[in-house]
Amino acid sequence: MDEVEVSTVVYAPPEEMYEFLLDFPGYARYSEYIDRVTQDGDGTPGTNYDLVFSWWKLTYTARSEVTGVDEPERIDWRIVKDIDADGYWYVEEVSAPDGVDVASRVVLHIEFDPDSASSNAVDLPRLVSLDWVIEKVKPLIHKEATRIVERVVADIEGERRDVDLAIQTGPDSV
């Protein structure tokens with residue numbers, strides 16, 4: 001399994017961050033590669049989301065499912081078709097820096113097995129292998145996780161600022 005974890009401190013209380021993260025269809029506005037997100041459910045466990053991605057000459061719809069919630073700390077999810085992947089958002093209160101009233105640490109954790117990708121999942125152009133696509137997409141997952149966290153911070157705080165991101169990857173990761 002490959003894994004990516006991106007975390008940062010946001011100047012907002014954990015409850016506000018949790019509610020913000022529950023608005024999963026809104027994630028499309030943070031991503032360069034997500035065209036839209038549709039929701040089937042109310043955000044509680046069992047809710048499904050279809051994420052329509054576009055990259056290069058490819059379009060793909062991933063289906064994720066909320067597998068657990070622990071308000072206001074954690075939202076667990078998994079991908080339910082074509083690839084073995086899961087993850088979570090985690091929020092915890094931390095000491096606020098000088099001049100800030102409240103702060104939370106927000107973590108986006110993703111685990112995925114690139115070898116589990118279904119060869120039928122994407123209609124590939126002639127002479128393009130799924131292995132080639134996977135090798136090209138792996139670094140994009142890392143970059144996209146970072147971009148999403150940076151944009152979430154700017155949106156919740158109301159302005160852009162330099163955000164210190166802690167990025168960890170597993171031994172087989174990008």
Side-chain angles (χ1 to χ4, degrees), residues 1-10 14 17-18 20-35 37 43-56 58 60-94 103-122 129-156 163-174:
M1 282 294 241
D2 289 355
E3 60 185 304
V4 175
E5 184 170 286
V6 180
S7 65
T8 194
V9 173
V10 181
M17 283 308 307
Y18 181 84
F20 186 83
L21 294 170
L22 274 180
D23 179 24
F24 197 78
Y27 289 13
R29 69 181 174 264
Y30 303 117
S31 173
E32 183 176 332
Y33 305 106
I34 300 176
D35 294 334
V37 178
T44 60
T47 299
N48 288 303
Y49 298 95
D50 286 344
L51 295 85
V52 180
F53 293 90
S54 294
W55 170 77
W56 187 54
L58 305 176
Y60 173 71
T61 301
R63 173 161 283 190
S64 70
E65 176 184 21
V66 175
T67 58
V69 293
D70 185 10
E71 188 175 344
E73 295 174 348
R74 190 169 163 134
I75 303 166
D76 294 305
W77 54 269
R78 68 182 174 103
I79 301 297
V80 297
K81 72 175 190 103
D82 299 328
I83 190 167
D84 182 13
D86 59 38
Y88 58 84
W89 284 100
Y90 178 75
V91 182
E92 67 180 342
E93 188 168 359
V94 294
S104 302
R105 184 170 74 98
V106 178
V107 176
L108 171 59
H109 183 90
I110 302 167
E111 293 183 12
F112 60 100
D113 179 2
D115 295 330
S116 70
S118 169
S119 61
N120 299 325
V122 180
S129 74
L130 183 59
D131 289 340
W132 180 86
V133 170
I134 288 170
E135 286 308 307
K136 294 295 183 185
V137 168
K138 282 171 62 174
L140 293 177
I141 292 170
H142 184 276
K143 182 178 176 183
E144 193 69 355
T146 302
R147 177 184 293 116
I148 288 170
V149 171
E150 288 176 334
R151 290 178 175 178
V152 165
V153 169
D155 201 8
I156 197 76
V163 178
D164 291 325
L165 296 174
I167 302 170
Q168 297 177 341
T169 57
D172 298 326
S173 295
V174 293

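The chain is numbered in sequence order, starting from 1.
- In summary, R147 and E150 do not engage in a salt bridge, as defined by a charged side-chain N under 4.0 Å from a carboxylate O.
- Every residue two or more places apart in sequence or in another chain that forms a ring-ring contact (aromatic ring centres under 6.0 Å, His included) with Y49 is listed here: F24.
- Rounded to the nearest 0.5 Å, atoms CD1 (I110) and CH2 (W89) are 8.0 Å apart.
- At least one donor-acceptor pair closer than 3.5 Å links the side chain of T8 to the backbone N or O of D164.
- Between F20 and V10 the shortest side-chain heavy-atom distance does not fall below 4.5 Å.
- Taking all atoms of both residues into account, the shortest heavy-atom contact from V69 to G43 is CG1-O, 4.1 Å.
- With rounding to the nearest 0.5 angstrom, the CD atom of E5 is 7.5 Å from the CD atom of E3.
- Remark: R151 engages no residue in a salt bridge (charged side-chain N to carboxylate O under 4.0 Å, His left out) (not counting sequence neighbours).
- Not counting sequence neighbours, the partners of E65 by the salt bridge (charged side-chain N to carboxylate O under 4.0 Å, His left out) test are R78.
- Nearest heavy atoms, W77 versus D86: O-CB, 3.2 Å.
- The only member of V152, V153, L21, I156 that meets side chain to side chain contact (heavy atoms under 4.5 Å, CB included) when paired with V106 is L21.
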message: Run the side-chain contact (heavy atoms from CB on, under 4.5 Å) test on Y90 and E73 for me, step by step, so that the C-alpha distance in whole Å, both residues' side-chain angles and the decisive distance to 0.1 Å come before the verdict.
response: CA-CA 5 Å; Y90 178 75; E73 295 174 348; 4.3 Å; yes
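- Taking all atoms of both residues into account, the shortest heavy-atom contact from V9 to V94 is CG1-CG2, 4.1 Å.
- Nearest heavy-atom pair across F53 and A62 is CE1-CB, 3.8 Å.
- Contact between G68 and P45 at its shortest, heavy atoms only, is CA-CG, 3.8 Å.
- Minimum heavy-atom separation, V91 to P72: CB-O, 3.8 Å.
- A distance of 10.5 Å separates OG1 of T67 from CD1 of I75, quoted to the nearest 0.5 Å.
- One finds the OG atom of S54 at 10.5 Å from the CD1 atom of I34 (value rounded to the nearest 0.5 Å).
- Within the 4.5 Å cutoff, no side-chain heavy atoms of F112 are placed close to those of I79.
- Remark: E92 pairs with R105 by the salt bridge (charged side-chain N to carboxylate O under 4.0 Å, His left out) rule, at least two apart or across chains.
- No side-chain heavy atom of E71 sits under 4.5 Å from any side-chain heavy atom of L22.
- Applying the ring-ring contact (aromatic ring centres under 6.0 Å, His included) rule to Y88 yields the partners H109; only residues at least two apart in sequence or on another chain are considered.
- Atom CZ of R63 is separated from atom NZ of K81 by 8.0 Å, given to the nearest 0.5 angstrom.
- The salt bridge (charged side-chain N to carboxylate O under 4.0 Å, His left out) test applied to D35 returns no partner, not counting sequence neighbours.
- Listed for the E144 side chain is a donor-acceptor partner under 3.5 Å among the backbone atoms of E32.
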